[in-house]
Structure formats: C-alpha cells, structure tokens
Amino acid sequence: MPRYNPAVIEPKWQLHWENNKTFRTPEMPSGDKVYILDMFPYPSGAGLHVGHPEGYTATDIQARYWRMRGKSVLHPMGYDAFGLPAEEYAIRTNTPPRVSTEQNIANFTRQLKMLGFSYDWDRCLATTDREYFRWTQWIFLLLFDTWFDLEQQKGRPISELPIPADVAAKGEDAVSLYRDKHRLAYQDEALVNWCPGLGTVLANEEVIDGKSERGNHPVQRMPLRQWMLRITAYGDRLISDLEGLDWTPGIKKLQADWIGRSTGAEVDFPIVPASEFSKWQSTRRGQAYPESIPVDVLRIYTTRPDTLYGATYMVIAPEHPVVKTITTPEQSAAVKQYCDNAAFKSDRDRTDGDKRKTGVFTGAYAINPVTGKPIPIWIADYVLIGYGTGAIMAVPAHDDRDFEFAKAFQLPIQCVVEPSKNDADRETILAGGVCFTGDGLAINSGSLDGLGTDAAKAKIIDELTASGVARQAINYKLRDWLFSRQRFWGEPFPILHELDAAGKPTGIIRAVDTQELPVDLPQLEDYKPHGRPEPPLAKADDSWLYVTIDGKRYRRETNTMPQWAGSCWYYLRFIDPTNTSAIVDRAKEKAWMPVDLYIGGAEHAVLHLLYARFWHKVLFDRGYVSHAEPFHKLVNQGMILGEVEYTGFQTASGEWVSAAHTEKGETGYVHSKTKEALNSISVADSDVTKSGDNFVLASDPSIRIDSRAHKMSKARGNVVNPDAVVTEYGADSLRLYEMFMGPLEATKPWSTTGVNGVRNFLDRVWRLMIDTHAEGNTLVDSIQDVEPTAEQNRVIHSTIMAVTRDIESLSFNTAIARMMEFVNFFTKESVRPRKGMEALILLLSPYAPHMAEEVWQALGNTDSLAYQAWPVFDESLTKASEIEVPLQINGKLRTKLMVPADSTAEQLEQAARGHERLAEWLDGKQIVKAIVVPGRMVNFVVK
RNA sequence: GCCAAAGUGGCGGAAUCGGCAGACGCGCUGGACUCAAAAUCCAGUGUCCUUAACAGACGUGUGGGUUCGAUUCCCACCUUUGGUACCA
C-alpha cells in the first residue's frame, strides 16, 4: 500500500473491532478494574460537536492504555435523551419525540464509531429506553419510600418513621399524611419558577438572572403544587464527603458554595407593646424554645448574633405571612401596593439594575429582645422568603445591605463592633457613617462588651438559649429540588392520586406497584405546551389516566421528571445494563464501582454532579450501592473555541477606528467617545502586524486590531464539524490533534493548520515503517531485527518512560511531543531496530488506534494490539554517559561543560574551576562560594 | 462586587523539587529534489546591539520582595476567561 490512507484503514479496523467484539467488557472484573466514564451526551439534532471528542478521546486513551496494562476496563457510552431540547426539536420538525430522538441517537452512534472509540457498545443505553426509565421510576419510588433520620444523618425506610401519638390517634389518613410530609420525595405548595415561554416550572438552578437557562425566557414566581426532593437533608454530607474525592479544589468549592451552609442563630423578636415585654420575657424563660413560631413573635435568622444590640429595625419579605396580621390600617394601602408589585415582578426585575433598595413600613414594631426597645418592622424585597425565616433583624452598622436600606429610609445606625485601632475609617465607623462588616470588639452591647466577634457570638447564643429566646441554627442556600415538569418528554411519575366518588382527589397518594413499572408515556397527538400549568399528560386517554385498584379509583400523576433524573444514575446501569430484577446486581456493583475517572464539561460542575451524588447517597443509605460517593476522580475538559479572528472597527463612512477607542454598546460596538455605532470588519492575517502587546493594521499602525478566538456558534459561522475533519484528515488525526492542542483542562482555539501538522506527523510515522513504493503493506528495508545502539536505546526507553508517565497524568500533549521527537530521531537513522518500532506503535496506539493496528499488522502480527502488553522501559538505558552542565556566575549562565553523567559534586566543581572560558570571567574576582548540584549545575558566587 | 482559573516568541503551547526559558507543533525564511508545481527531505527562526563572527545586553502581564539562583515561592496591582449575584 503506497500512502497512509485513513479513509481505507479506519473503516477497516472499526469493522474488525465490531465483528470481533474486541472491546467487550467481562461481566465481572478479573484482577484490577478501572471504570472510565464520559459524561454521556445529549443527542441533539446538530450532531457531534468537536468539543465532544476532546473528552471522549482522553477517556479512550485511558481505557486503551489500562487494557494494555492488563486491567479489566469498563468504558461505556450512552445517551441522555429525555428533556426539553429534544421535545422542542420534535415540535419544530413535527416528528414525535421518540422518533426524532432515535434518529439523533443513530447519528451520534455513527459519529462516535467513526472516531474509533473503544466502547463496549453492548452496554449502550438511552435514558429514554423503557427498560432504563423503569428503574429511574423505581429509584423515585425509593426516594418516596425514604425519610431522613436527622439523628443518624441517614435515609431510612418510611415504615421506620416514628409516628407521634397525637397523629396516630387521629387515624390512618392522618398517619398517611404525616408520612407523606417526611418522605424524600414529597409534594409541596411552593412558590415556583413558572416559565410561560417553555410552559413549565423550572428548578432554581435552571433559572439564570430571572430567565430560563434554556431559551432565555422570562420566569415568574407563582404558587403551585409540585414534587420536591429533599436534597437539603443531605446538605452536610454532600459537603463533608467532598473531602475524600480527587476533584480540583475549584470544583469542590463550587459545590460547597452552592450548598452554602452557614451557621448562626434563630432569634425571636416579640411583637408586643413595650409595656408587656418583661412579661413576655419571663414566660419565655420558663419554657423551651418553641418549635413552631408563636403568633406574637417575629423569628429571624442571623449569622451575626453578636450584633444583636445594633439591630435598629427589622425587615420581612413581601410574601411573609405576618404581613397581613401586623400591618397597621394607616399603612395598609402602601403595603398592599408594594407587595402586589413585588409579586408581579419576576426575579429578574427584582435583582435588576442598580439594586437600589426599596421598601415600605408596616406601621408595626417588635421589641429587640436584648435592649427591650421597640424597633420598626419594614417590608423589602431584598429579604427573600425562601431563605432562613424570611425575616431579618437589620444591623445597618455592620451589614452592607442593611446600611444602604437605612440610608435610603433614614433609619438609625448604631455601631456595636469596634474596628481595629489602625483602621483608616475608624472614627466614621464608630459614628455610624460607614458600614463595617469585619470582625472586631463588641461595644455598646451590654454583657458582650470587649469580646471578640467569635466569642461574642458564642456568648449571646448561650445567654439567649438559656432564656428561651434563641437557638443555634444552620441554613443552606441550597433549596429542596423542584422535581416536576409540565412537559411531555420525560419520565412519568409512578404515582396515583386517590379519587372520591365525585372524582375529586382525596389528597391520599399511592405508589404504583414496582411490578407494574415502567409507567410508559401515553400516546398523544398533541403534546405541545399551552402556556398554562396543566401538564400535557392530562390530555391522555382515560384508559391511561385512570386506574382502579381494589375498588378505589385513582388518577395518574401527570407531571414528568426533569432531564436530570436519568443522568443521576446511568453510571450504575452501565455495570449491569440488562438486569431485569434490579437497578444493578449487588456483586457487580461492588466489583466495578466507584467510577475511577469521570471526564466531562465544566457546565455540569454543580447541577448534574450534585444531583447524582444525592441520589447515590440515598441508594447507599438504603443498601443498594456499596460506596458513599460515585465519582472518585473528576476532570473537566476545557472548551474548544473557533479559530482566532482579527477584527477591526470602521465607522459608517468606512474610516478605521482603533480597537482602543471602542466599547460594547447595547447592540454592538460603538466609539467610546462619540458613541457612534461601528461595523466589525474581519481582517486577514496578512494585513495585521504585532506592535508591542497589540495587533495593529499593517498599513496603519495607529489602528489597533482586536485578536481573539470566539466560542463556536452557528451565528458566527465558526463551527468545526467533526465529520468534515474526519473526511479530510482522518479520525486518528482528529483524535491526535485534539489531544495535542494543549492541556485537557484548558480553553483553547481551533487551528486547521494544527490539524494538518499532526496529520503530517502520522504520515511521517507511516513512512518511517512502510515502504510507500512497494505493493501492499511492506516494511521499509531499514527496519531490521537488530539490537538498538546505546543512543537508539536511550531514545526508545526515555520515550516509553515519558509517554507512560504523561498518559497517567493526563498530559497527552507532551506525550505526543515525545513521540514526535522519537520519529524525528529515527527518520534520520538508516537502521531502525524492529523492537523500537514496535514500541512506538504500541505507545501511539491509544491515540491513533486505526493506524497503529494497520502498522502492527504490517510488522507481522496477526492479532489486534488492543491487549498487547504496554512497552516497558529500563531506566538505566535512558541515561547518557556524558551530560552537559551549565556553569553560572552569580546565577547567570556563562558557559556549559561536558562531564560524565555520574560526576560527584567535587568532580563537578573541579572540572568547572578548570574550565578555560570561565577563567576569563573569574579574572580578578574572588570565588566566595560554589554551589554545585550534581547532574544539574554549578554556580560560583564571586566578588 | 464576590469566587475560580489563567497571563511565556508571529500563533498553540513546553519547562517533576527554585537550577540551561521557549521542548513539540504551526507559521515564516533559505536550500536540496523537480522542466515546473505539489509532496518530501535538510538547515535556520525570542528581541536588541555590532559589518559579521566570537561574544554581549535584555527577555516568562506590571511593580516590589525572598534567594547564590525565580516562569516556578511571597506581597501588591493590572488584564483576560469562566462561574455567581441582595442567602442576612
């Protein structure tokens, strides 16, 4: 065969691997196992993006490498196919979602196979498979059957939930409702994010800036009865278990911050006339801190109980229940207007713009329980109903938001924390003129005076706990997970609502028997959202919608699960994809889990990983999995940007404007002085030159040109299609290039000439071994069965050493560079020992498997190299007998010296002192000190 | 604003522990081969000074510091990218 032709070689080997089931994984690992997982893709209509193969190639290299090292490797692939985009695509193309999803999956599969990934395709699954979502529904029922025992910090079967005597006394229905309230999956009337544009409610995590993450539609808040998952119960464990994971500190922190655990205190402020305060105080002293909030108090949460003496007013959220009861008649009109306004505002409007504080006075007062003074109660939307108790004590002297609010409404500011003596603003802070949020010494605070912030916090909590006014409390930013969606293309809930004789729901719910799973989606002609919160499944035929069991009539739950559901546990199903009696076989689970390496995009750093960890912990508590955490090592691949573009700016009349004088306006770029709209002009590479730190127009250096790589997008027209790259350069070139671009985790721009460069390398490898003039795959004559020379051995063994080390540390770019050096070296050698050539092909095989197989065959092997032993290196052969050592004077490199590699420090120094070039430098100077690092360098400090 | 990551030639990037800055690739320049081109092979390629060589000076965002020696460690600042946004 004359030339390297991937168009022939690649399909040949793909077919070979498929027919021979080369990458079939054993049911159970033999010896060491390694589970290498990709974040499975969403099979969109657009097909594979060049970002996908980046992570997939990295994991494939790992999988192929560890197979050659003799481990049992589990390396599966599947599809996350339920969810909004698939449904929107289906509506747009007027195809049923199941049909369009299957088409998209077929296309993705074709593309993935075209790239030669070594997945065990027999384990492929899609979250939309009935046999898959049967078990997603089963896990939901497990959540439904579990309550969280706070004492044990553990999920337990609902049947073990202690029922209080007073509830038990009220009968079976009361017990049933009590249980429902404690389940990990529960229904709640909650203020939800309703998105009319998508026709569904969204999780907090799916709302960004008051708009839907998907589609950027406005989101409103409205009360709706929804399914919730009690993820907050696992908040502490989700934080503390991060510790043992091999994730970057950044990602861990992101998760911990998202969960947002804070410790502080809940404090009751009585809403009573000042004259009755002491009476209230003495009643409280005699009792425990009440679990539910009494009618005569406003309960707040604070992380700064040490500043209680500085609380000069209170603020409650507009949705707070006491708004109705405490507002005075004089204020009621203003209050009503403010609250109505807030309700109509989306979160976007609330947080938009300059965040100027707004609010209204209720007319009511509460008593500060430490000073006994009445302080006014205000309503403001900067206090959120969903966090803490929905009410705060405002300490304007020591909280930025309270300070701004106090300034806006002329409320008193009382400093109670003294800043350090050398604080520049000390006097102003003490006078209440500037807000001070740092730690300091308590002042104007009764018994706390003189204590540091932490000590003051501890003391005030002790005192108030003793007098029944406060207690220590923990809060999370994380909210319970809103789990239902009003869309068609998702897993139906396996839940039945009991109906009375008149067909009205009784409020009693029951789980669908696990034997009846899966609950399939009904056939629907019209599944489009209609902008009302009634789910599309409600339009199903009665035969689907209504069920009679033991003479009782039920209506099916018509909400569906969010897209996250299926991806919360797919890694478990890969272990045992066809099991019909359990989510996964216990022994297999124990043998294969946890996932040893998990690679995917950083966009899943919070949501997917948090949700999956939560489900995994519930499965763990209930004894279905053997590890508390599913993903041991996590790596986020960086984004691949489009090619670098040079952009210049011109006025409407065609005059160039330097990029230094432009800024981003509302619709595009404008002149920073005149605000005149500018046109962005793409400038050719050849018309640009570098000047200082910037690029400028070659014809006019005063015009700065913007140079950057942009995100790939259809609108910009810079999307690179993997199909086209494979057609032009081959899959091995695409794989190799994506690994050669730079570190896996870095964001990096695409470069077509770069792809050409690695293709060039593969051509060189080919010519190094294959005689391009002969018929068939004949080796070049220079490959001979001889022992390598010492120099050749050095190259061979140091390459094996470096490539092995780099592959294990995921430094693929440097591993490829080492192989290029190997090829550059042996291209010049007229005798190429067969051993060395075989080693190179094995080293290269995880990166460019098709070509490697082809050359391996030409080298006379009949089997696939997929399970060939990885080359071993002899470290003693990697070392040269003589090395070049730099000689420095005062830390500056002056010359170099050839010495035997094993020279001692003394020998090195002697050799250096005798070096003639150095003598010139030492002339007339005195050597004060000599620093000698054997094998590294010599440095003389001279005067 | 806050959090995270990052700033090295014309470009992507490399440099286990603080020890020869710029591996490898792209691009560019020159040469060989060719009628010619492509392909291939060979050589060169951080900036500046000097006619040139030898050599020298400078050089890892900026300014300081620690050190015999700093891309690497410390402090301050600037810029870029990503995330996040009133969580009391």
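In what follows, chains are A, B, ... by sequence order, proteins preceding strands, each numbered from 1. Quantities reported herein were computed from a predicted structural model and do not represent experimental measurements. Note: hydrogens, waters and symmetry copies are ignored here, and every other heavy atom, side chains too, is used.
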Rounded to whole angstrom units, what separation is found between the [atom1] atom of [X] and the [atom2] atom of [N]?
X	N	atom1	atom2	answer
Leu478(A)	U84(B)	CG	C1'	15 Å
Glu603(A)	U81(B)	CD	P	19 Å
Asn890(A)	U67(B)	CG	C1'	13 Å
Met937(A)	G69(B)	CE	P	11 Å
Glu738(A)	G12(B)	CD	P	18 Å

Nucleotide-resolved protein contact map, nucleotides 21-32 of chain B, B/S/- at heavy-atom distance under 4.0 Å: S-BBSS------

For the ring pair [X] and [Y], is the centre-to-centre distance below 6.0 Å?
X	Y	answer
Phe695(A)	Tyr646(A)	yes
Trp750(A)	Tyr737(A)	yes
Tyr313(A)	Phe405(A)	yes

Phosphate oxygens OP1/OP2 of [N]: is one of them under 4.0 Å from a side-chain N or O of [X]?
X	N	result
Ser262(A)	A88(B)	yes
Lys477(A)	A88(B)	no
Arg894(A)	A57(B)	yes

Hey, is G9(B) sitting syn or anti, using the within-90° cutoff around 0?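 For G9(B), whose glycosidic angle is within 90° of 0, the conformation is syn.
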
With syn defined as a glycosidic angle within 90° of 0 and anti as the rest, where does C17(B) land? syn

Those residues that, when tested against Thr827(A), pass side chain to side chain donor-acceptor pair (under 3.5 Å) (two or more places apart):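 Here no residue qualifies.
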
If you round to the nearest 0.5 Å, how far is [atom2] of [Y] from [atom1] of [X]?
X	Y	atom1	atom2	value
Ser707(A)	Asn694(A)	OG	CG	9.5 Å
Phe269(A)	Ile375(A)	CZ	CD1	5.0 Å
Ile807(A)	Thr814(A)	CD1	OG1	10.5 Å

Stems in RNA chain B, runs of 3 or more consecutive Watson-Crick or G-U wobble pairs with both distances under 3.5 Å, sorted by first number, are B:1-7 with B:78-84, B:10-12 with B:24-26, B:27-32 with B:40-45, B:46-48 with B:56-58, B:61-65 with B:73-77

Can a donor-acceptor pair be found between the side chains of Thr752(A) and Glu643(A) at a distance below 3.5 Å? yes

Do Ser262(A) and Asn475(A) have side-chain N/O donor and acceptor atoms under 3.5 Å apart?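 There is no such pair between these side chains.
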
Side chain of [X] only, heavy atoms from C-beta on: which candidate in [options] is closest?
X	options	value
Glu884(A)	A88(B), C20(B), U16(B)	C20(B)
Lys253(A)	U84(B), G19(B), A4(B)	A4(B)
Ile931(A)	C11(B), G19(B), C42(B)	G19(B)
Phe695(A)	C41(B), G19(B), G10(B)	G10(B)
Asp399(A)	A14(B), A88(B), C11(B)	A88(B)
Lys711(A)	C20(B), G10(B), G82(B)	G82(B)
Asn939(A)	A88(B), C20(B), G69(B)	G69(B)

Regarding U16(B), can its base be found pairing with the side chain of Arg805(A) as donor and acceptor, where the two atoms are less than 3.5 Å apart?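 Present.
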
Between the base of C68(B) and the side chain of Lys929(A), is one N or O donor paired with an acceptor at under 3.5 angstrom? no

Write down the distance separating the C1' atoms in G7(B) and U66(B), rounded off to the nearest Å. 23 Å

Is the positively charged end of Lys357(A) above the ring of Tyr382(A), judged by distance under 6.0 angstrom from the centroid and angle within 45° of the axis? yes

